[in-house]
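Step one of this worksheet: look at the structure below.
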Amino acid sequence: MALDENTTGSTNPALDLTNLALDSTNPLYMHPFESAGSLLVPGLFDGSSYRSWRRGVLRALLVKNKVGFINGKCRKPDPQDPSYDQWERCNDMVTSWILNSISKGLADSLQYVNDAQELWKELEDRYDQTSGAKLYQLQRETNDLNQGNLDITGYYTRMKKLWEELNTLNAHAQCKCNCTCGAKANIQKA
């Protein structure tokens with residue numbers, strides 16, 4: 001079945017405007033119950049535990065089929081493209097969701113980003129840093145952890161969370177390049 005360019009404005013079935021309301025697999029599809037005031041994750045990000053918050057946001061956006069707006073896979077179409085307005089609407093929705101998931105103090109400094117991808121990159125640049133101090137803190141917490149008043153399940157849960165956070169930091173700091181300057185060895189040593 002050929003698409004009529006005059007009716008749909010596009011020969012690309014993924015961008016066919018007549019299918020946007022029906023095709024829930026299209027990243028430009030918006031469910032009627034979606035709103036800009038929705039929260040992606042239960043707790044607001046306040047500058048701490050970025051990786052846990054990030055993981056929850058990514059999971060929520062993946063469920064909503066909107067992760068492409070922050071990773072660049074759902075690119076902004078040309079303004080003449082019939083899907084341009086729908087893309088802008090979805091992008092603004094994703095931006096709103098992320099800003100609603102951040103404490104007011106942090107969100108105020110991010111209000112003037114251009115799109116969801118830029119917002120996500122700004123958050124990554126600010127908060128997804130592997131610092132020696134954070135790594136040391138987690139290693140120390142892991143070493144100092146004892147059961148104390150916790151039941152075995154609570155103790156295991158706390159230990160597992162520390163291990164996973166430590167593992168995430170260590171994986172993020174690993175270099176996969178063929179280094180000749182010694183930086184790779186220094187990172188691994190740290």
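Only a predicted model underlies this, so the values are computations on that prediction, with no experimental measurement involved.
A ring-centre distance under 6.0 Å is not found for Trp53 and Tyr127.
Figure legend: Lys66 and Trp97 shown without cation-pi pairing, the cationic atom not lying both under 6.0 angstrom from the six-membered ring centre and within 45 degrees of its axis.
Under a cut-off of 6.0 angstrom, the local environment of CG in Asn143 is crowded, with over 12 non-hydrogen atoms contributed by other residues, nucleotides or ligands.
Using cut-offs of 30° and 60° on the angle between ring planes, the pair Tyr50 and Trp120 is tilted.
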Steps toward side-chain hydrogen bond (donor to acceptor under 3.5 Å, both in side chains) verdict (Gln80, Tyr84): CA-CA 7 Å; Gln80 296 78 23; Tyr84 179 80; over 6 Å; no
Steps toward side-chain hydrogen bond (donor to acceptor under 3.5 Å, both in side chains) verdict (Ser48, Asp46): CA-CA 6 Å; Ser48 63; Asp46 62 0; 2.8 Å; yes
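Annotation: side chain of Leu123 is in contact with side chain of Ile102 (closest heavy-atom distance under 4.5 Å). Contact check for Ser24 versus His31: no side-chain heavy atoms found under the 4.5 Å cut-off. Between Glu141 and Leu145, the closest side-chain pair of non-hydrogen atoms is not below 4.5 Å.
Here CG of Leu61 is found 5.5 Å from CD1 of Ile98. Values are rounded to the nearest 0.5 Å. Rounded to the nearest 0.5 angstrom, Thr95 OG1 and Asn91 CG are separated by 4.5 Å. We find the CG-CD distance between Asn26 and Gln86 to be 8.0 Å, quoted to the nearest 0.5 Å. Between the CD1 atom in Ile70 and the CD atom in Gln117 there is a gap of 9.0 Å [rounded to 0.5 Å]. With rounding to the nearest 0.5 angstrom, the CG atom of Leu28 is 11.5 Å from the CD atom of Glu88. The OG1 atom of Thr142 sits 8.5 Å away from the CE atom of Met159 when rounded to the nearest 0.5 Å.
Leu40 and Leu44 sit in two unconnected hydrophobic clusters of ILVMFWY residues. Membership requires side-chain heavy atoms under 4.5 Å apart, directly or through other members. Tyr156 and Leu162 are assigned to two separate hydrophobic clusters, defined by single-linkage of ILVMFWY side chains at heavy-atom distances under 4.5 Å. Residues Leu110 and Leu39 fall into different hydrophobic clusters, defined by Ile, Leu, Val, Met, Phe, Trp and Tyr side chains chained together at heavy-atom separations under 4.5 Å.
In terms of heavy-atom proximity, Pro27 sits nearest to Cys90 at O-SG, 4.0 Å. Tyr155 approaches Asn146 most closely through the heavy-atom pair CE1-C, 3.4 Å.
Contacts classified as side-chain hydrogen bond (donor to acceptor under 3.5 Å, both in side chains) and involving residues 99-116 (residues at least two apart or in different chains) are given here: Lys104-Asp108, Ser109-Arg126, Asn114-Glu118.
Salt-bridge check for Arg89 with Asp85: failed, with every basic side-chain N at 4.0 Å or more from each acidic carboxylate O.
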